[in-house]
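I have placed the structure first, in the form of structure tokens, so that the comments after it can refer back to it.
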There are 2 protein chains.
Amino acid sequence: MQDGKTAERIVDCADDLFYRQGFEATSFADIAGAVGISRGNFYYHFKAKDDLLEAVIARRMANTSVMLRDWEITGEDPAERIRSFIQILIRNRDKIEQYGCPVGSLSTELAKLNHTAQEEAARIFTLFRVWLRRQFEKLGRASDADALAMHLLVRSQGVATLSAAYRDPAFVEREVVSMCAWLADEVAGGAAVPSPTKPH
Amino acid sequence: MQDGKTAERIVDCADDLFYRQGFEATSFADIAGAVGISRGNFYYHFKAKDDLLEAVIARRMANTSVMLRDWEITGEDPAERIRSFIQILIRNRDKIEQYGCPVGSLSTELAKLNHTAQEEAARIFTLFRVWLRRQFEKLGRASDADALAMHLLVRSQGVATLSAAYRDPAFVEREVVSMCAWLADEVAGGAAVPSPTKPH
DNA sequence: AAAGTTATAGGACAATTGTCCCAGAAATGT
DNA sequence: ACATTTCTGGGACAATTGTCCTATAACTTT
């Protein structure tokens, strides 16, 4: 059972192709070609395309968890950790400009397809959401931590979408600066905002 | 040449299906079935799928223009007009929850497919962008009108994506309230803020 | 070296894809 | 009533889709 090598390579390539081309638009032939194996061999490792999709989502979940844990360790304080999140937009700028956000675009595509894995894909958002929430709690914003976390998710998703639409590198830069400024204001502000953004 | 009837019905159905299923995931058979014509007949009206896509985009552009002109007429003042924009999220809440934003999701899909019509699709964003910019200019925010317009586009795109991911009706409501509150702040603020976008 | 397990390539499969062609029907103009 | 244009349905086309099957190659374990 050490097909780990091949199975892993398949998931690797599928992950990349699903991001760059979309799930539906990526065929087994595409993946097989990228991995360098025959199309038939495929079904030894994954008996259906949906199984492969689930493996890809699981892989993204794992990768995301590792990344968040990394930020937790590297970041000196919560505000700096949150900035790590904001700056994915810069780090992955080129790819986002070409293909949008991997989490958002997959989630939206699966929603359209009425695919059962849609909820699974949305859990990657939740990983970020919970992590961000905890950072805001540590900043003394326990009462509206979730709203603040969602605000950042909303803005990064919007930036990703519009970045892919306009392909304007300067735009992402400006938005990141603006988000960091917002963060500084919020942190400085201290008390919870009266504004309605205050769920659970 | 009064195939206008059929051709229009085709574009109508294609528009709807491209939104609900995605461009790539929608086949001619799907559209033909929805319209109630034969698959073969199709090529009399549109000689290729890409032609149909362009017609759909043109239709969306036209519809958007009409809508914006309508808001221009109906809205008493710029702030109220901008609120009309924000509240599309409420008006189309159910559809957005199921399929995301039609503009954003199409643009992202076409970006992934490296489709030539991607730029065309992005022009729908520009329609909103220019319109919003003009409203902010009328509010005396000429210096950062574009940044404010983009801020609203970013947030509504993000809300649409996360709404489709979580399918939480209350979330959209909260975000709309928050965006309106931001607008009131900006309007009340008067002078241009140092950091272009400063929600809160 | 033999036996057994695991992995791979290649091809077959029905179904569906976008595209094209053509015989007529329907409408239009004379 | 006739001729011409405009439209439509049905089917054929090659290519591609996801899926499945089988013979064999590549390993392990004896």
Side-chain angles (χ1 to χ4, degrees), chain A residues 1-58 106 109-110 112-118 120-121, chain B residues 1-58 106 109-110 112-118 120-121:
Chain A
M1 210 270 263
Q2 93 282 34
D3 65 321
K5 274 284 165 48
T6 305
E8 245 176 72
R9 274 194 308 152
I10 291 175
V11 177
D12 268 33
C13 287
D15 187 353
D16 185 51
L17 286 172
F18 286 176
Y19 176 35
R20 281 169 28 215
Q21 310 187 340
F23 170 67
E24 184 90 351
T26 301
S27 72
F28 277 141
D30 291 335
I31 305 170
V35 179
I37 61 169
S38 69
R39 224 167 73 259
N41 178 16
F42 229 102
Y43 283 76
Y44 177 77
H45 301 283
F46 300 95
K47 70 177 195 295
K49 201 184 181 185
D50 291 351
D51 290 9
L52 180 53
L53 174 61
E54 275 177 34
V56 166
I57 294 175
L106 180 64
E109 185 183 358
L110 295 181
K112 279 180 200 283
L113 297 174
N114 241 317
H115 200 290
T116 53
Q118 193 278 328
E120 194 72 21
Chain B
M1 211 270 263
Q2 96 280 37
D3 66 320
K5 273 284 165 46
T6 306
E8 244 177 72
R9 273 193 309 149
I10 290 175
V11 177
D12 268 32
C13 287
D15 186 353
D16 185 52
L17 286 171
F18 286 176
Y19 176 35
R20 281 170 29 216
Q21 309 186 341
F23 170 68
E24 183 90 350
T26 300
S27 71
F28 277 139
D30 290 336
I31 305 169
V35 179
I37 62 169
S38 68
R39 228 168 68 262
N41 179 15
F42 230 101
Y43 283 76
Y44 177 78
H45 301 283
F46 301 94
K47 69 178 195 296
K49 201 184 181 186
D50 291 352
D51 290 8
L52 181 52
L53 173 61
E54 274 176 35
V56 167
I57 294 176
L106 180 64
E109 185 183 358
L110 296 182
K112 279 180 200 282
L113 297 174
N114 241 316
H115 200 290
T116 53
Q118 193 278 328
E120 195 71 20

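Values reported hereafter were calculated over all heavy atoms of this structure, with side chains retained and with hydrogens, waters and symmetry mates removed. Letters go in sequence order (proteins before strands), and every chain restarts at 1. Values in this document were obtained by computation on a predicted structure and should not be read as measured data.
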Would you sketch DNA chain D in dot-bracket for me? Only Watson-Crick or G-U wobble pairs with both distances under 3.5 Å count, crossing pairs as [ ], other-strand pairs as |, the rest as dots. ||.||||||||||||||.||||||||||||

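- Residue B:L113 comes nearest to A:Q21 through the heavy atom pair CD2-O, 4.2 Å, listed as atom of the first residue, atom of the second, then distance.
- A side-chain donor-acceptor contact under 3.5 Å links A:E109 to the backbone of A:E24.
- Closest approach of B:K112 to A:F18, counting heavy atoms only: NZ-O, 4.4 Å.
- Using modelled atom types, one side-chain atom of B:D30 and one backbone atom of B:S27 make a donor-acceptor pair closer than 3.5 Å.
- Remark: P of C:dC22 and OH of B:Y44 are 17 Å apart, rounded to the nearest angstrom.
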Show each protein N/O and nucleotides 19-22 of chain D N/O combination with a separation under 3.5 Å, one pair to a line.
residue: D:dT19; atom: OP2; partner: A:Y43; partner atom: OH; Å: 2.9
residue: D:dT19; atom: OP2; partner: A:K49; partner atom: N; Å: 3.0
residue: D:dT19; atom: O5'; partner: A:Y43; partner atom: OH; Å: 3.3

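- When the side-chain nitrogen and oxygen atoms of A:S27 are compared with OP1 and OP2 of D:dT17, one or more of them lie within a distance under 4.0 Å.
- A pairwise comparison of heavy atoms in A:T6 and A:H45 identifies CG2-NE2, 3.7 Å as the closest pair.
- The two residues B:R9 and B:V35 have their closest heavy-atom pair at NH1-O, 3.3 Å.
- For the pair A:K5 NZ and D:dA26 C1', the interatomic distance rounds to 15 Å; values are reported in whole Å.
- The distance from atom CZ of B:F46 to atom C1' of D:dT8 is 15 Å, rounded to the nearest whole Å.
- One interatomic measurement links the two molecules: CD1 of B:I31 to P of C:dT19, which rounds to 11 Å at whole-angstrom precision.
- For A:T6, a side-chain nitrogen or oxygen approaches OP1 or OP2 of C:dT8 to under 4.0 Å.
- Side-chain N or O atoms of B:K49 include one that pairs as donor or acceptor with a backbone N or O of B:F23 at under 3.5 Å.
- For B:S38 and D:dG11, the shortest distance from a side-chain N or O to OP1 or OP2 is not below 4.0 Å.
- Rounded to whole Å, atom C1' of C:dG18 lies 11 Å from atom CZ of B:F23.
- Counting to the nearest Å, the P atom of D:dT16 and the CD atom of A:Q21 are 14 Å from each other.
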Donor-acceptor pairs under 3.5 angstrom involving side-chain atoms of residues 50-57 of chain B: please list them, not counting sequence neighbours.
residue: B:D50; atom: OD1; partner: B:H115; partner atom: NE2; Å: 3.0
residue: B:D51; atom: OD2; partner: B:K47; partner atom: NZ; Å: 3.1

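- The phosphate of C:dT8 (OP1 or OP2) has a side-chain N or O of A:H45 nearer than 4.0 angstrom.
- Taking each heavy atom of B:A14 and B:I31 in turn, the nearest pair found is CB-CD1, 4.1 Å.
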